[in-house]
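What's counted below: heavy atoms across the whole structure, side chains too, no hydrogens, waters or symmetry copies.
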Amino acid sequence: MNALDKAHARGIRLIVNMLNAEGGCLSVQEVAEMLGCSRTHVNKMVKGNKLIGVFVSVESSVGILMIPGWQFRGNCEIYPGIPEILEILK
């Protein structure tokens, strides 16, 4: 592993650690099950700035879309105001 690969791996570990410190992340499937909707709908919510999604690389150039868990109240709803805030920040 060259120096650039090592730096990239350290960066990924730091991102994962930060996300875990704030409640961890959920997969698109987990969010879909929690909200009672399809994975396609969750992807559209991320693309439409209704939820924050983070692409996390795993040992390759392919990223996995993860949804930070702090956006949800309990286990069944998005905190009020998240979509509006994301629209402003867009």
Open item on the list: Could you work out, with side chain to side chain donor-acceptor pair (under 3.5 Å) as the rule, every residue matching S27, not counting sequence neighbours?
Closed with: E30
Open item on the list: Does any part of the side chain of C25, heavy atoms only, come nearer than 4.5 Å to the side chain of V54, both counted from C-beta?
Closed with: no
TODO: Quick one: pull up CZ in F72 and CD1 in I78 and give me the separation to the nearest 0.5 Å.
DONE: 5.5 Å
Open item on the list: Hydrophobic clustering (ILVMFWY, side-chain heavy atoms < 4.5 Å, transitive) - are L51 and I88 grouped together?
Closed with: no
Open item on the list: Through direct or indirect side-chain contacts below 4.5 angstrom among Ile, Leu, Val, Met, Phe, Trp and Tyr, which residues connect to I85?
Closed with: L89
Task: Contacts of V28 that satisfy side chain to side chain contact (heavy atoms under 4.5 Å, CB included) - sequence neighbours left out - done: R39, V42, N43, L65
Task: Inter- and intrachain pairs under salt bridge (Lys or Arg N to Asp or Glu O under 4.0 Å), touching residues 72-81, at least two apart - done: R73-E77
Open item on the list: Under the criterion side chain to side chain contact (heavy atoms under 4.5 Å, CB included), I'd like the reasoning laid out for L86 against K50: C-alpha separation, chi angles, the key distance, then a yes or no.
Closed with: CA-CA 6 Å; L86 294 177; K50 306 296 182 204; 5.8 Å; no
TODO: Not counting sequence neighbours, which residues clear side chain to side chain contact (heavy atoms under 4.5 Å, CB included) with D5? List them please.
DONE: M1, N2
Open item on the list: Could you check whether any side-chain heavy atom of M66 comes within less than 4.5 Å of a side-chain heavy atom of L26, counting everything from C-beta outward?
Closed with: no
Task: Pairing residues for E33 by the side chain to side chain donor-acceptor pair (under 3.5 Å) criterion, not counting sequence neighbours - done: Q29
Open item on the list: Let's go through W70 and I82 carefully: what are the C-alpha distance in whole Å and the side-chain angles of both, what is the deciding distance for side chain to side chain contact (heavy atoms under 4.5 Å, CB included) to 0.1 Å, and is it a yes or a no?
Closed with: CA-CA 10 Å; W70 56 260; I82 294 283; 3.8 Å; yes
Open item on the list: Can you confirm whether I67 sits close enough to M45 that some side-chain heavy atom of one is under 4.5 Å from a side-chain heavy atom of the other?
Closed with: no
